[in-house]
Amino acid sequence: MTAAPAPDGSSSSSPDFSSVRLTARVTRIYDRLDAQMYLVEGQDRALLVDTGFGVGDLAAFVRDLTDKPVTVVITHGHLDHAFGAGWFDDVHMAHADLAVHAVHRSWIADVHDEARREGRVLAPAAPPERFHDLGSGTTFELGGMTVRTIPMPGHTPGSHAVLLGEERTLITGDAANQRTFLFADDSATVTEYAETLRRVRDDLSGLYDRVFISHATGDAPVTVLQDLIDLTAEVVAGTDDRAPFSFREFSALLARKVLEGIEDPRANLAYRPDRI
């Protein structure tokens, strides 16, 4: 018999992960390296949104949270979302992100080398070609809980958001948040991204009351899609703040200037001026 869900707000922790139950059916899992994942439980199955960096035994941690069979959905192929997938058999990711995953496989090497030196467990390697393709969107029935993925190309070509139907919750991963990155060579232009935002906004109108993301507080304003649509219009018009921004080897502009050290809850966009 499946155990009843723990009360809202209950938590769990290990050397590599911690968690907090947000509702009776949704648990947020924190990776020690600053990534967040979501475990969604139906009556029959569970679904894990993202798998972190691949440092630590994520499968064992998830088994302590649920005894249901687990399906994995990877929102996109970046190193902080896709590289714990080797712990699981039933993994889904948009094949449009296979090239992205290949680039980040080389980036994850330094993270994994450091983890080995610290004596930490690493996820088994998982060739992404074996992942099921999310394609133009996939629906998962968990038993009293319907989970639907929605293509949101922009941050990466294969980014997907995840709609938790009965929870009226949208998980955007990195596809729309308070600092949406749109400056990689494989990211969409600002104009293309605006078209995606409008499509998703219209498609999901009235279907969600909360938005979860993969970093920072884990929460975004429920207006995040419209906020980003408005911000992309400012970028196209040249009326945004155009504040200098850098990340790794990338140089970009922030559409909305933020004070250093201040966590701004408003939607924002980091983009390249040559890709508007």
Side-chain angles (χ1 to χ4, degrees), residues 12-20 27-39 48-65 70-132 134 155-160 173-175 177 179-187 213-218 245-252 261 270 272:
S12 180
S13 65
S14 76
D16 295 296
F17 306 100
S18 61
S19 70
V20 60
T27 299
R28 179 181 286 148
I29 299 173
Y30 299 87
D31 184 307
R32 65 186 286 269
L33 298 175
D34 184 36
Q36 296 174 27
M37 299 150 272
Y38 294 89
L39 180 67
L48 179 66
V49 180
D50 285 337
T51 62
F53 289 86
V55 177
D57 191 338
L58 180 59
F61 189 81
V62 169
R63 282 195 300 271
D64 285 342
L65 298 175
V70 176
T71 292
V72 169
V73 165
I74 296 174
T75 59
H76 61 291
H78 280 178
L79 77 170
D80 51 343
H81 295 260
F83 283 82
W87 292 115
F88 304 94
D89 296 324
D90 184 20
V91 181
H92 301 249
M93 184 187 81
H95 283 191
D97 263 10
L98 289 178
V100 172
H101 190 282
V103 171
H104 280 248
R105 186 184 299 120
S106 64
W107 289 5
I108 199 70
D110 289 343
V111 176
H112 285 181
D113 286 346
E114 181 178 354
R116 287 190 189 94
R117 289 193 293 270
E118 295 174 350
R120 297 191 176 275
V121 176
L122 297 179
E129 294 78 11
R130 75 170 178 82
F131 299 164
H132 303 288
L134 289 173
H155 180 57
T156 70
S159 289
H160 275 239
D174 288 352
N177 56 37
R179 193 166 293 187
T180 309
F181 286 1
L182 210 66
F183 47 71
D185 290 340
D186 50 28
S187 297
I213 58 175
S214 300
H215 299 286
T217 65
F245 176 76
S246 61
F247 180 80
R248 296 178 66 101
E249 71 270 30
F250 298 101
S251 295
R272 280 170 35 186

V91 and side-chain contact (heavy atoms from CB on, under 4.5 Å): which single residue from T71, V70, V72, V73 fits?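 Option passing the side-chain contact (heavy atoms from CB on, under 4.5 Å) with V91: V72.
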Please output the side-chain donor-acceptor pairs of residues 107-115 that fall under 3.5 Å, not counting sequence neighbours, one pair per line with the distance.
{"from": "H112", "atom 1": "NE2", "to": "F53", "atom 2": "O", "distance (Å)": "2.8"}
{"from": "D113", "atom 1": "OD1", "to": "R116", "atom 2": "NH1", "distance (Å)": "2.9"}

If I take atom [atom1] from residue [X] and atom [atom2] from residue [Y], how far apart are they, to the nearest 0.5 angstrom?
X    : Y    : atom1 : atom2 : value
M93  : H76  : CE    : NE2   : 10.5 Å
M37  : D31  : CE    : CG    : 4.5 Å
D97  : T156 : CG    : OG1   : 3.5 Å
R179 : D174 : CZ    : CG    : 12.5 Å
Y38  : L48  : OH    : CG    : 11.5 Å
H95  : L134 : NE2   : CG    : 8.0 Å

Please report the shortest heavy-atom distance between [X] and [Y], naming the atom on each side.
X    : Y    : answer
A126 : G86  : CB-CA, 3.6 Å
A94  : G158 : CB-O, 3.3 Å
A59  : F88  : CA-CZ, 3.9 Å
F131 : I74  : CE1-CD1, 3.9 Å
L98  : P128 : CD2-CB, 3.6 Å
D90  : H132 : OD1-CD2, 3.4 Å

Pairs meeting criterion side chain to side chain donor-acceptor pair (under 3.5 Å) with involvement of residues 50-60, two or more places apart: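 As it turns out, the side chain to side chain donor-acceptor pair (under 3.5 Å) pairs with a partner in residues 50-60, which skip direct neighbours, are D50-T75, D50-H81.
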Side chain to side chain, P124 and W87, heavy atoms closer than 4.5 Å: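 A side-chain contact exists here, since the closest heavy-atom pair is under 4.5 Å.
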Tell me whether the centres of the aromatic rings in H155 and H78 are closer together than 6.0 Å.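 Yes.
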Would you say R272's side chain and F183's backbone share a donor-acceptor pair under 3.5 angstrom?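 Side chain of R272 to backbone of F183, a donor-acceptor pair under 3.5 Å: yes, one is there.
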A175: which residues meet the side-chain contact (heavy atoms from CB on, under 4.5 Å) condition with it, sequence neighbours left out?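 By the side-chain contact (heavy atoms from CB on, under 4.5 Å) rule, A175 matches M152, S159.
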Per the salt bridge (charged side-chain N to carboxylate O under 4.0 Å, His left out) rule, what does the pair list look like for residues 72-84, sequence neighbours excluded?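 Residue pairs passing salt bridge (charged side-chain N to carboxylate O under 4.0 Å, His left out), neighbours aside: none found.
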Please enumerate all residues that pass side-chain hydrogen bond (donor to acceptor under 3.5 Å, both in side chains) together with E118, with sequence neighbours excluded.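 If we apply the side-chain hydrogen bond (donor to acceptor under 3.5 Å, both in side chains) test to E118, skipping adjacent residues, the hits are R120.
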By ring pair (Phe, Tyr, Trp, His ring centres under 6.0 Å) - contacts of F245 (at least two apart):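 Result, ring pair (Phe, Tyr, Trp, His ring centres under 6.0 Å) vs F245: F181.
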Looking at D89 and R130, does any basic side-chain N land under 4.0 Å from a carboxylate oxygen?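 No salt bridge links D89 with R130.
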Audit row: I29, F61, side-chain contact (heavy atoms from CB on, under 4.5 Å) steps and yes/no: CA-CA 9 Å; I29 299 173; F61 189 81; 3.9 Å; yes
